[in-house]
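Comments concern the structure below.
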Amino acid sequence: MYAIEKELKMLRQFISPKHMESLKKWKCYSENEISAAEKRLHVKLPFPIRDIYQHMADLLVTSGYLRPLELLHWEGNYLGFFLAPGEGDIIGIKKGNSFGDLYAWEENDSKDTAWEYEDELVTAYEEGNEDGKRKAAAAYQKYWKKLNIPLLHSPLNIHKLEHEPRFNHILDGYGLFLVIHAIEEWEEMTWMEHTDEPTCLFSDFFPARYSKEYFQNIADRIKDDFVSLSDHPELIKLQDFPLLMAYVHKDQEALLVLGQEPVCFKLLTKTVAGRELLEKVQEQTGLAFHVGF
């Protein structure tokens with residue numbers, strides 16, 4: 001299965017330093033910690049998942065989109081990694097399926113108790129309490145082991161993700177989508193507090209009436225300076241939409257992002273965008289960029 005380590009390392013450059021302090025309460029995981037989890041689960045985790053836990057766990061766990069490695073557990077034949085933004089569903093894989101297909105389901109937490117152990121784990125992380133982390137994780141796993149008794153437990157409303165855009169139902173594509181989404185979200189939450197040092201600029205809204213040709217022209221104009229984030233652009237393609245979700249500038253100093261529902265572009269930079277870069281992007285897209293919507 002396709003590894004996304006290169007893309008994750010590139011995206012990590014666009015997590016603004018002003019957010020890093022908030023991410024310190026969690027951490028990325030080591031190879032030894034991932035191997036220990038695999039031994040506990042009796043499964044080899046797919047490369048995209050291993051890459052995400054090694055390079056982006058702090059961002060995604062803190063954002064509420066990735067389950068801490070200590071809390072991974074089988075639910076029947078399903079292993080859930082992600083929490084879908086705004087939906088509450090668990091997103092994961094099915095045992096024995098090697099194609100990277102994703103499934104969504106409601107967890108069957110009949111006693112509504114699992115969150116208590118999750119809170120204990122988060123508190124222990126924030127306090128640097130290693131013994132507390134081990135106890136909280138052990139209690140959580142014991143709880144799910146009881147729920148997972150054969151014939152008595154199965155996830156609720158399981159369905160395979162196959163009718164949404166491709167990045168929503170392929171494991172590595174969904175992982176990239178969540179990372180981009182989380183970075184955008186952190187920037188959007190804090191832009192008003194940092195208007196003097198903006199590292200996220202918003203374009204004008206796209207015309208109310210636009211055509212596929214309108215965006216194809218933009219795609220053609222930006223290709224000299226921007227390349228798709230991934231060598232496998234189908235991972236983050238919006239069906240037959242002519243623009244991909246994310247483009248990296250040729251000098252890797254900027255990331256041009258198009259959201260799930262095309263409303264505007266966002267330009268993410270490592271430092272405040274220089275005038276030359278900004279003028280060129282505005283010329284290529286035909287849109288003005290500014291702080292905030």
Mind listing the closest non-hydrogen atom pair of [X] and [Y] along with its distance?
X: H55; Y: L8; result: CB-CB, 4.2 Å
X: P46; Y: I93; result: CG-CD1, 4.2 Å
X: F81; Y: L72; result: CD2-CD2, 3.8 Å
X: P155; Y: W105; result: CB-CD1, 3.3 Å
X: E107; Y: E75; result: CG-OE1, 3.3 Å
X: L71; Y: A137; result: CD2-CA, 4.4 Å

Check whether the ring centres of [X] and [Y] lie less than 6.0 Å apart, and answer yes or no.
X: Y174; Y: F82; value: yes
X: F241; Y: F215; value: yes
X: Y143; Y: Y140; value: no

F265 and F202: ring pair (Phe, Tyr, Trp, His ring centres under 6.0 Å), yes or no, with the steps?
-> CA-CA 6 Å; F265 283 114; F202 300 79; over 10 Å; no

Group every Ile, Leu, Val, Met, Phe, Trp and Tyr by side-chain heavy-atom contacts under 4.5 Å, then state whether [X] and [Y] land in the same group.
X: Y103; Y: L161; value: no
X: L11; Y: V248; value: yes
X: I4; Y: V227; value: no
X: L178; Y: I90; value: no
X: L171; Y: V43; value: yes

N-O pairing of [X] and [Y] below 4.0 Å:
X: E253; Y: K270; result: yes
X: D58; Y: K24; result: no
X: K133; Y: E130; result: yes
X: D101; Y: K94; result: no
X: K280; Y: E276; result: no
X: R50; Y: E31; result: yes

To the nearest 0.5 Å, how far apart are [atom1] in [X] and [atom2] in [Y]?
X: Y247; Y: S230; atom1: OH; atom2: OG; answer: 12.0 Å
X: C264; Y: L201; atom1: SG; atom2: CG; answer: 11.0 Å
X: L267; Y: H249; atom1: CG; atom2: NE2; answer: 9.0 Å
X: L256; Y: I218; atom1: CG; atom2: CD1; answer: 9.0 Å
X: Y78; Y: K95; atom1: OH; atom2: NZ; answer: 11.0 Å
X: E185; Y: C200; atom1: CD; atom2: SG; answer: 12.0 Å

Around K223, counting heavy atoms of other residues, nucleotides and ligands shown, do more than 12 lie under 6.0 Å from its NZ?
-> no

Is the number of heavy atoms from other residues, nucleotides or ligands under 6.0 Å of K145 NZ greater than 12?
->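 No, NZ of K145 has 12 or fewer neighbouring heavy atoms, counting only those of other groups under 6.0 Å.
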
Is there a side-chain contact between [X] and [Y] (heavy atoms, below 4.5 Å)?
X: N129; Y: K135; result: no
X: H290; Y: D204; result: yes
X: L229; Y: M10; result: yes
X: Q54; Y: C28; result: no
X: P85; Y: H181; result: yes
X: T285; Y: S203; result: no

Determine yes or no for a side-chain-to-main-chain donor-acceptor pair under 3.5 angstrom, with [X] supplying the side chain and [Y] the backbone.
X: Y29; Y: L69; result: yes
X: E33; Y: S30; result: yes
X: Q282; Y: F289; result: yes
X: E162; Y: H169; result: no
X: Q141; Y: E70; result: yes

Report the C-alpha separation of M245 and F177 in whole Å, then their side-chain angles, then the decisive distance to 0.1 Å, and conclude whether the side-chain contact (heavy atoms from CB on, under 4.5 Å) test is met.
-> CA-CA 8 Å; M245 186 178 181; F177 157 68; 3.5 Å; yes

Step by step, would you call W186 with I15 a side-chain contact (heavy atoms from CB on, under 4.5 Å)?
-> CA-CA 9 Å; W186 279 83; I15 300 176; over 6 Å; no

Might you work through the side-chain contact (heavy atoms from CB on, under 4.5 Å) test for K6 and D231, ending with a clear yes or no?
-> CA-CA 10 Å; K6 182 185 72 175; D231 291 336; 2.5 Å; yes

Evaluate the side chain to side chain donor-acceptor pair (under 3.5 Å) criterion for residues E187 and T199: first the C-alpha distance (whole Å), next the side-chain angles of each, then the deciding distance (0.1 Å), finally the verdict.
-> CA-CA 8 Å; E187 289 288 350; T199 52; 3.2 Å; yes

Identified side-chain contact (heavy atoms from CB on, under 4.5 Å) counterpart of E7 within the set D172, L176, V179, I180 | L176

Test side-chain contact (heavy atoms from CB on, under 4.5 Å) applied to W26 and L66, L59, V122, L60, the passing residue = V122

For D220 and Q216, run side chain to side chain donor-acceptor pair (under 3.5 Å): C-alpha distance rounded to whole Å, both residues' side-chain angles, the deciding distance at 0.1 Å, then the answer.
-> CA-CA 6 Å; D220 292 339; Q216 186 61 60; 3.2 Å; yes

Stepwise side-chain contact (heavy atoms from CB on, under 4.5 Å) test for W74 and W144 | CA-CA 8 Å; W74 287 102; W144 277 102; over 6 Å; no

Answer with yes or no whether the side chains of D225 and Q284 bring together a donor and an acceptor at under 3.5 Å.
->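 Yes.
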
